[in-house]
Student: 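Could you have a look at this structure, given as structure tokens, before my questions?
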Amino acid sequence: MRILAFGPNGSGKGTQGTIIRDRYGLDHIESGEIFRHHIKAGTELGMKAKTYIDAGNLVPDELTIPMVAEALAKSNERGWILDGFPRSKAQAEALQETLREMKIDVDYIFEIELDREEAKKRIMGRRICSINNNHPNHIAFETIHPVEKDGELVCRVCGGSLSMREDDQDQDAINQRHDIYYDEDKGTMAAVIYYRENCDARNIRVDGDRGISDIAENILSEIEEGEAIKLRLKFG
């Protein structure tokens, strides 16, 4: 099973990816983690990417695509969720061509739709767990509110210490990230639209203005239905 995950910063895309990963035993492949792995390992691609990252620039596609392709090729036999890539129509086209060459088909694309202002509020209220940054903690939502221990708020899942990313409190930085995502001409939404129109994968669009469990149930039910259809087509 191969899945592409889309959603603006603050939509809970990473949390949903973790839920799906655990349900089906998939690899959760995040673009940022791919960069960190190559840089830490000192690979040629990683060192080249580091020069762009250190300068505050985007890593060019000619470096990013090979790193992503390598990660997908090394994933476990059950499949993967690709999170945080592609971020433009050009990257979507390049990824699709690379997957064709690798003879890999995308099975599902899920897109969490969320109003831009609501996404900003969610970013500014989230807290990052020091043990696992996919543990959801948010000061504005009762269901995922951190718990108090010795007068401090700690992770509701594992009790780890919590912090705030500096850029999560920087509205200019948030707006910049959202400018990239919501841009339907050159940004991530252009990639989303490309996949809607040019990929045979089952497209799952969900309302992100709901609770984590409701969104998860929506996505998982769509996947289960898709898997049932594939079985009927295979075995008649």
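Along the sequence shown, residues carry numbers from 1.
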Student: Treat each ILVMFWY residue as a node, draw an edge where side-chain heavy atoms are under 4.5 Å apart, and state whether I81 and I34 are in one component.
Tutor: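 Unlinked, I81 and I34 end up in two clusters.
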Student: If two hydrophobic side chains count as joined below 4.5 Å and joins carry through other members, does V106 share a cluster with I223?
Tutor: no
Student: Quick check against the 3.5 Å criterion: does D170 have a side-chain atom that pairs as donor or acceptor with the backbone of D172?
Tutor: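 Yes.
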Student: List the steps and the verdict of side-chain contact (heavy atoms from CB on, under 4.5 Å) for I20 and L220.
Tutor: CA-CA 7 Å; I20 296 168; L220 292 171; 4.1 Å; yes
Student: With clusters defined by side-chain heavy atoms of hydrophobic residues (ILVMFWY) lying less than 4.5 Å apart, directly or transitively, does L4 cluster with M189?
Tutor: yes
Student: Does the side chain to side chain donor-acceptor pair (under 3.5 Å) test come out yes or no for Q91 and Y194, once each step is laid out?
Tutor: CA-CA 10 Å; Q91 288 183 346; Y194 170 82; over 6 Å; no
Student: Are T188 and D183 close enough, and set up right, to give a side-chain contact (heavy atoms from CB on, under 4.5 Å), and what steps lead you there?
Tutor: CA-CA 6 Å; T188 307; D183 186 340; over 6 Å; no
Student: Is the number of heavy atoms from other residues, nucleotides or ligands under 6.0 Å of Y52 OH greater than 12?
Tutor: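 No, the 6.0 Å shell around OH holds no more than 12 heavy atoms from other groups.
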Student: Do Y181 and I193 share a hydrophobic cluster (ILVMFWY, side-chain heavy atoms under 4.5 Å, transitive)?
Tutor: no
Student: Under 3.5 Å, sequence neighbours excluded: what are the donor-acceptor pairs made by side chains of residues 146-158?
Tutor:
from	atom 1	to	atom 2	distance (Å)
R156	NH1	P136	O	3.3

Student: Any donor and acceptor pair, going by atom type alone, linking the side chain of S130 with main-chain N or O of S161 inside 3.5 Å?
Tutor: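 A pair under 3.5 Å: yes.
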Student: Hey, is the main chain of M1 close enough, under 3.5 Å, to the side chain of R78 for a donor-acceptor pair?
Tutor: no
Student: Please determine if R122 and D115 form a salt bridge, counting it only when a charged side-chain N lies under 4.0 Å from a carboxylate O.
Tutor: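 No, this pair does not count.
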Student: In this structure, are over 12 heavy atoms from other groups packed under 6.0 Å from K230 atom NZ?
Tutor: yes
Student: Go through the structure and list residues passing side-chain hydrogen bond (donor to acceptor under 3.5 Å, both in side chains) with N133, not counting sequence neighbours.
Tutor: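 Not a single residue meets the side-chain hydrogen bond (donor to acceptor under 3.5 Å, both in side chains) criterion with N133.
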Student: Under the 3.5 angstrom rule, does the side chain of E118 hit a backbone N or O of D209 as a donor-acceptor pair?
Tutor: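 No, E118 side chain to D209 backbone: no donor-acceptor pair under 3.5 Å.
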Student: Is the shortest side-chain N to carboxylate O distance from E117 to K121 below 4.0 Å?
Tutor: no
Student: May I ask you to decide whether D107 forms a salt bridge with R202, counting only side-chain N to carboxylate O separations under 4.0 Å?
Tutor: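 Result for this pair is no, no salt bridge flagged.
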Student: Side-chain heavy atoms under 4.5 angstrom apart, residues restricted to Ile, Leu, Val, Met, Phe, Trp, Tyr: same cluster for I39 and V59?
Tutor: yes
